[in-house]
Amino acid sequence: MKVPVIMLSSVTELHSYIDRTQLTQELGGTQEYCHEKWISHRTAIEGFALMVKKTAQTLQSFGTELAETELPNDVEATSNLLTVHTEKKDKMKEDLRIALCQGSRLLESINEPLVKDPDYTMNHDELENLATVQRLLGQLDETETAFDDFWDKHQTKLEQCLQLRHFEQNFREVRAHLDMVYDRLSGFSEVGISPAHVEHILKELTNHEERAYEVLDQALTLACDADQLIEASHYAVDSILPKCSELRAVCEEISSVLKAKKAYLLKAMELHQCLEKATKWYDDGIYLLASQPVDKCQSQDGAESALQEIERYLETANQHKMTDLSGIWRDYDSVLTQDLRDHVDKVFQKQLSMQEMFEKRRVSLKKLAAKQTRPVQPVAPRPEAIIKSPIPSPAHREKTIEGDIINGNCRKGENDGSRHLSVSDEEENFAVLRRHVMNELLETERAYVEELLCVLEGYGAEMDNPAMAHLMPNTLLHKKDILFGNMPEIYQFHKKTFLRELEAYTDYPELVGRCFLERMTDLQIYERYCQNKPRSESLWRQCSDCAFFQECQKKLEHKLGLDSYLLKPVQRITKYQLLLKELLKYSKGCEGEDDLQEALSSILGILKAVNDSMHLIAITGYDGNLSDLGRLMMQGSFSVWTEHKKGHAKVKDLARFKPMQRHLFLHEKALLFCKKREENGEGYEKAPSYSFKHSLSMSAVGITENAKGDNKKFEIWCNSREEVYIVQAPTPEIKTSWVNEIRKVLTGQLKACREARQQKSSDQISQLTPTSTSLTLSPFKTNPKTLKKGEEKKTEPTAADPSTAILLKNNDKVKGFSKASLSVDASEENDGYSSAEDPMNSDPEDEGGKKLSPGRYVVVADHDKNGPQELTVKSGDSVQLVREGEDGRWFVHNLRTNKEGWVPAANLLTLIGESKSSQSLSSSEGSGSGNLSTSSSCSETYTSFSDIKA
């Protein structure tokens, strides 16, 4: 294409081709134009257009991201997502604001000439720039509006999602709590064993009901929140509505179950109260029958008075007794378990039996109250039927019931007209008393179990409750085991085992001793509890005034503090021996009397062990483990003098003319000497402490039973009397018990030492020929007088061990065979020891008669006991004679039955016949001092059989 080119020579010539209005002032025109301004506007407009485009793309990308985002399934993720998206939205809004601000400034720049001169007319470029900027600003406004609409929908969805996740989380928590409430309610299925038990269950149910209604309120509140979500057109109505309905249905079900359980327990309480009222009426009737004195029945006036008492009592029957058994089955069918049915039957049987007894008594009393045709001289009852005191009312059961009571008909003598209690009446009276003691045992046992549970739940469980943590002082944190010791173990034992086994003996109280004997090992758990009691007491004193304990006591409605309940186990273990004593008193001649006696002894043994262990843990300064010393046998305070032998002379420590006050602890393997310190503190902290001084190994000590000048003194020595401790007991009885206990320890060690050599010795003894031999073997000094006596008499062999004893007993031809045996230490007047002076080694015929001494024998005849403290032995039994009593009886241990008791000495001489003791426990009967040592027996030396002369 050809374009014409005109060459102009002047501006005027230009005007002929282009209108002046289209030319700038530089070319002689009238149009105002600034090229720099045009370039500036054009550059700004292009930059603004680019910003608008990028902003639109960013918003489009962000919108796509929001649309494609999956909603989270938990509260935290949803909340985080909402936060992240909101931050991004805010950033987008900030970019939009910046773009709008830039467009607004550009628009103001373009309109600036009009602002200065309203009559100003824009040229074509300015008008085009103005339109471009306005169009871009319009696009920004539309983009922002669309984004805001989209964000509002997205934000609403995220917020509804967050509400849904909160609802679902709260629903799961509340549903779990509702399940726990329902499960706990399912556990309230017991009807109790007494009104107190039912009352305790009702109290637990009431406490649980309060917590349950708190959960129900939470559930119903959550259901209302769900209703609000549904009304707000939540997008997940289909998910919320079923959960809302489920919450309301479960709440309604739990409420109905709570009401049913409460009504169930109230019904059971009503039945138990009826049973208790009937039982109390029965017990009162038995007491009335039993408390009418014998002499009151001997006169006409007395019989009439007794009859009136019975009539008045029977008038109260309708108020207390249960008459309609079928009505009971009908009215209380919903709560009648098999145990409760049996209980109801038992109460009815008791009522029937009591009615029979009352009828018999009425008949008897009516005969006695009838007008006498001739005067009758009252005859006093025989001594064994005399009433010591009337029987107290049931409200005073814990008081000691003494005396014999009557529970049968007053009978008229056939010959002399005297009226006496029959044997059957007496037995029935004792049976009544046994039942009452047994009832007290069971009732106090049930109350004890409930108290332990109350303490463990009301205090122990609350220590783990986070809601109570702010009330607990720092000194109490993580100290639950110290405060309660092994109380949970004690509770589990009594709840699951001991109480149930005791209840099995409800109708056989005289046999309950067997239950105690079977569970004696389990009852030793009280020893650990008592050992921990000082630490528990100390911790309690530090925290007794804290808000935690006060709040717990307030919730439990206890009048007494926790310290009173922490003392319950100590009180309970001591209560058993009192109840067993009462049962034993009323079980004379019964089948279980021996078991009751043994159970009482065992319980007293546990109490002694508990007491001993409390002293044992107070020992300080002992370098070693006390448990390595074996079982603690005895402990007590004594006055002690020391005596040491240096060279050939005995030198008494000048400082020891005044006795030392020492507390001795006798273990199986050692004897500890301690110094008792002052008692400080309060309560259990007032218990004394003991500073360890020194100890003696029981494998190296001997004893001299009687020290000269005082029947309360005895000697403990070691190293062939190089060290002698003269011990003075507070009373002769304590001295005797300690000597006997030390004797048992040393005898046991000797027996173990001999049994270890028995196999080795038996091979050598089997080679011994029955010929007369002579053997001298003694590592101790010989007293000339003793030696002379020995020369005048034939010496019987001393049994070195059981096998030797058997051989020498069965072969009288072996003479002169002697060995160092149990004890060769004599009193200070006699340092030597001779077998001729030992009653067991002397010839009975030379002494002019048989004498008994401690040792082991074989019984050759049967002997039945004549009293509760005596022992029954059978022919062939091996027995151990332990000690001689002051009343001519010997305390004997039957090795076959492992029982102990007393046997008259006159009977023993016949029972043991010609049998010999296999060991000697006394060195000199004439001097009255007995010595026992195992240090020599464990180092006995044997002479070879080649040295025995034929």
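Here the structure is a predicted model, which means the values were calculated and not measured. Numbering starts at 1 and runs along the sequence shown.
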Are Q661 and S639 close enough, and set up right, to give a side chain to side chain donor-acceptor pair (under 3.5 Å), and what steps lead you there?
-> CA-CA 5 Å; Q661 298 302 316; S639 298; 3.2 Å; yes

Does the pair I716 and L696 meet the rule for a side chain to side chain contact (heavy atoms under 4.5 Å, CB included), with working shown? CA-CA 9 Å; I716 302 174; L696 300 176; 4.0 Å; yes

Might you work through the salt bridge (charged side-chain N to carboxylate O under 4.0 Å, His left out) test for E884 and R889, ending with a clear yes or no? CA-CA 6 Å; E884 185 177 11; R889 297 189 300 174; over 6 Å; no

message = Checking R662 against F638 for the side chain to side chain contact (heavy atoms under 4.5 Å, CB included) test, could you report, in this order, the C-alpha distance in whole Å, the side-chain angles of both residues, the deciding distance, and whether it holds?
response = CA-CA 6 Å; R662 291 290 182 261; F638 298 87; 5.8 Å; no

- Query: Can you check side chain to side chain contact (heavy atoms under 4.5 Å, CB included) on L567 and K533, steps first, answer last?
  - Reply: CA-CA 9 Å; L567 197 59; K533 197 68 178 69; 4.3 Å; yes

(message) Quick one, R883 with T736, criterion side chain to side chain donor-acceptor pair (under 3.5 Å). Give me CA distance, side-chain angles, the key distance, then yes/no.
(response) CA-CA 10 Å; R883 67 180 183 274; T736 301; over 6 Å; no

### Task
Could you please spell out the steps behind the side chain to side chain contact (heavy atoms under 4.5 Å, CB included) verdict for L664 and Q635?
CA-CA 5 Å; L664 273 57; Q635 54 84 24; over 6 Å; no

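Looking only at side-chain heavy atoms (C-beta outward), H494 and E445 come within less than 4.5 Å of each other. Side-chain contact between L584 and E593 is present, with heavy atoms from C-beta onward closer than 4.5 Å. Between L452 and M487, some side-chain heavy-atom pair lies under the 4.5 Å cut-off. A 4.5 Å side-chain heavy-atom check between W641 and Q728 finds at least one atom pair inside the cut-off. In this structure, the side chains of T747 and K751 stay at 4.5 Å or more apart for every pair of heavy atoms. With a 4.5 Å cut-off on side-chain heavy atoms, F498 and F516 count as touching. Inter-residue side-chain proximity for L671 and M698 is flagged as met; some heavy-atom pair is nearer than 4.5 Å. Using a 4.5 Å cut-off on side-chain heavy atoms (C-beta onward), V512 and L596 make contact.
Salt-bridge formation is not detected for the pair E518/R514: no Lys NZ or Arg NE/NH1/NH2 atom is positioned less than 4.0 Å from an Asp or Glu carboxylate oxygen. Between E715 and R721 there is a salt bridge, since at least one side-chain N of the basic residue sits less than 4.0 Å from a carboxylate O of the acidic one. Ion pair K575/E440 flagged as a salt bridge, since at least one NZ, NE, NH1 or NH2 atom sits closer than 4.0 Å to an Asp/Glu carboxylate oxygen.
The shortest heavy-atom contact between D481 and N532 is O-ND2, 4.1 Å. Shortest non-hydrogen contact noted between N894 and V879 is CA-CG1, 4.2 Å. Of all heavy-atom pairs between P488 and G485, the closest is CD-O, 3.9 Å. Between C718 and A700, the closest heavy-atom pair is CB-O, 3.0 Å. Here the closest non-hydrogen pair linking E668 and V745 is O-CG1, 3.4 Å. Heavy atoms only, all atoms of each residue included: L746 and G702 are closest at CD1-CA, 4.5 Å.
Side chain of S564 to main chain of L560: no donor-acceptor pair is present (N/O by atom type, distance under 3.5 Å, no hydrogens or angles). A donor-acceptor pair is defined here as one N or O able to donate and one able to accept, closer than 3.5 Å; such a pair exists between the side chain of S536 and the backbone of L483. With hydrogens and angles disregarded, a donor-acceptor distance shorter than 3.5 Å links the side chain of K608 to the backbone of M633. K479 places a side-chain N or O within donor-acceptor distance of the main-chain N or O of T475, the cut-off being under 3.5 Å. In this structure, the side chain of N611 does not engage the main chain of L607 through any donor-acceptor pair within 3.5 Å. In this structure, S538 contributes its side chain and R535 its backbone to no donor-acceptor pair below 3.5 Å. Side-chain atoms of H667 come within 3.5 Å of backbone atoms of G630 as a donor-acceptor pair (strictly under, hydrogens ignored).
Taking the six-membered ring for Trp and thresholds of 30 and 60 degrees, H615 and H663 have nearly parallel ring planes, at less than 30 degrees apart.
Note that CD1 of I703 and CD of E741 are 11.0 Å apart. Values are rounded to the nearest 0.5 Å. The line from CG of L579 to CG of L441 is 5.5 Å long, rounded to the nearest 0.5 Å. From S587, atom OG reaches atom CD of E582 across 10.5 Å, with rounding to the nearest 0.5 Å. Note: W890 CH2 to L871 CG = 14.5 Å, rounded to the nearest 0.5 Å. The distance from atom CG of D628 to atom NZ of K669, rounded to the nearest 0.5 Å, is 7.0 Å. Of the inter-residue distances, the one linking D563 atom CG with L539 atom CG reads 12.0 Å to the nearest 0.5 angstrom.
You'll find the ring centres of H694 and Y725 inside the 6.0 Å limit. Aromatic ring centres of F665 and Y690 lie closer together than 6.0 Å. Aromatic rings of Y565 and F484 (six-membered ring for Trp) have centroids beyond the 6.0 Å cut-off, not under it.
Between the side chains of K712 and N706, not a single donor N or O lies within less than 3.5 Å of an accepting N or O. For the 3.5 Å distance criterion, the side chains of K581 and Q577 qualify, holding a donor opposite an acceptor. With no hydrogens or angles considered, a side-chain donor-acceptor pair links S691 and R677 at under 3.5 Å. No donor-acceptor contact under 3.5 angstrom links the side chains of E723 and T642, judged on distance only. No side-chain N or O of Y526 forms a donor-acceptor pair with one of Q531 less than 3.5 Å apart.
Among T620, N625, I619, the one residue that satisfies the side-chain contact (heavy atoms from CB on, under 4.5 Å) test with Y622 is I619.
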What pairs of donor and acceptor atoms, side-chain ones from residues 895-903 against any protein atom, are under 3.5 angstrom apart with sequence neighbours left out?
| from | atom 1 | to | atom 2 | distance (Å) |
| --- | --- | --- | --- | --- |
| R896 | NE | D877 | OD1 | 2.6 |
| N898 | OD1 | H893 | NE2 | 3.0 |

